Amino acid sequence: MDATDKSIQLQGSLWMTVDGQNFGGTDRITLLAKIAECGSITQAAKAARMSYKTAWDAIDTMNNLAGEPLVERLTGGKGGGGTRLTQRGVQLVANFQSILREHQTFVSQLAQQAEGLADDYLLIRRMAMKTSARNQFLGKVTSVKVGAVNDEIELQTASGQAIVAIVTHESTESLGLKPGAEAFALIKSSSIIVVTDEEGARFSARNKLSGVIARVQPGAVNTEIVIDLPGGGSVAAIVTNDSCNSLELAAGKTASAIFKASSVVIAVPA
């Protein structure tokens, strides 16, 4: 599924602590509210979907943490007694419900500002991927040509380049490669040949990405060449210093990165 098809809903829970001890959240406050409504711990526990014992355990904990009773038993009378909230319990329920409304308003406002959060979340996950391959292209599978042993996978990158890879049929199945699937094309910079004059030349390599040289970074033996591609993105290649000099590679010069389909490793997001 494309990141643009995904949505993230923001949610939040509210609870209270006293000196680091859990006083309670919505479930316990709901129990107190039901006690005020029903006048019976048995009926309140049922309405709050708690067992009778769990309800009293929660009440005992809240009474102890509050330092004063929040719930009190009534004895005698026409109904044979019951349970009710003390004035402190009534105040606690009212204040918690007021805070809860403010909390829900805050979460709602935060959710309105979270447009595009799913895209950014997926981007962060992609950026966290670690690989020794210098070149990483994210795209979608556009075609799968099945062979007896190996399959040919064509991938269109986000910036519009087409990359062809050769993988085993087993890899196609295990990675779930099919048209529309999201995948990465990984190519080591040492697997790339840089060409500047292609007139009349033919190459056995299936992949060619053409653009303009953005950076030339010489080293002791080799030089790194970074080519900016149309539509965004770039591809890096490692060539010898002698090749760099003989091809007169320099920033601003048009060049192509050529690499075999067998040099492309396909990966899929976890």
Side-chain angles (χ1 to χ4, degrees), residues 1-130 138 158 176 180-182 184 268-270:
M1 182 181 292
D2 196 311
T4 56
D5 296 329
K6 296 177 182 290
S7 63
I8 291 180
Q9 291 79 39
L10 297 184
Q11 300 178 353
S13 298
L14 182 65
W15 66 93
M16 300 174 291
T17 60
V18 177
D19 292 332
Q21 297 186 61
N22 185 17
F23 183 88
T26 305
D27 54 347
R28 287 185 175 178
I29 299 301
T30 297
L31 174 63
L32 294 179
K34 291 299 180 182
I35 290 174
E37 178 183 328
C38 302
S40 163
I41 185 66
T42 301
Q43 294 179 27
K46 183 180 295 185
R49 297 185 177 181
M50 292 183 184
S51 68
Y52 183 81
K53 180 180 184 306
T54 299
W56 267 116
D57 287 346
I59 291 169
D60 289 341
T61 298
M62 287 188 287
N63 284 343
N64 291 336
L65 291 175
E68 59 182 292
L70 302 177
V71 176
E72 59 184 3
R73 296 176 186 260
L74 298 176
T75 58
K78 183 178 180 180
T83 312
R84 72 178 180 186
L85 299 187
T86 64
Q87 187 57 40
R88 184 72 182 90
V90 172
Q91 179 185 359
L92 175 64
V93 171
N95 287 339
F96 184 88
Q97 290 175 341
S98 177
I99 293 170
L100 181 60
R101 287 192 295 269
E102 293 296 326
H103 178 259
Q104 290 171 337
T105 299
F106 164 74
V107 173
S108 177
Q109 292 174 345
L110 190 62
Q112 293 175 8
Q113 301 176 24
E115 185 177 353
L117 182 61
D119 293 342
D120 291 339
Y121 170 72
L122 293 175
L123 176 59
I124 291 169
R125 288 189 63 188
R126 292 165 186 160
M127 291 170 63
M129 184 178 68
K130 296 180 179 180
L138 175 66
E182 191 176 74
F184 294 94
V268 296

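The chain is numbered in sequence order, starting from 1. As the structure is a prediction and not an experimental result, all values here were calculated from the model.
The minimum heavy-atom distance linking L85 with V71 is given by the pair CD2-CG2, 3.8 Å.
Partners of D60 by side chain to side chain donor-acceptor pair (under 3.5 Å), not counting sequence neighbours: none found. Judged as a side-chain contact (heavy atoms from CB on, under 4.5 Å), and not counting sequence neighbours, the contacts of E72 are R84, T86. Checked against salt bridge (Lys or Arg N to Asp or Glu O under 4.0 Å), E68 has the following partners two or more places apart in sequence or in another chain: R88.
Residues T61 and R28 form a side-chain contact, since some pair of their non-hydrogen atoms from C-beta on lies under 4.5 Å apart.
Within the structure, side chain to side chain donor-acceptor pair (under 3.5 Å) contacts touching residues 47-56 (residues at least two apart or in different chains) are S51-T54, Y52-W56, K53-D57.
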### Task
Kindly indicate, with the supporting measurements, whether the criterion side chain to side chain contact (heavy atoms under 4.5 Å, CB included) is fulfilled by E182 and V268.
CA-CA 7 Å; E182 191 176 74; V268 296; over 6 Å; no
Extract all donor-acceptor atom pairs below 3.5 Å that involve side chains of residues 91-101 and protein atoms in other chains or at least two apart in sequence.
unit_1	atom_1	unit_2	atom_2	d
N95	ND2	Q91	O	3.4

May I have the list of side-chain donor-acceptor pairs in residues 32-43 shorter than 3.5 Å, sequence neighbours left out?
unit_1	atom_1	unit_2	atom_2	d
S40	OG	T42	N	3.3
S40	OG	Q43	N	3.3

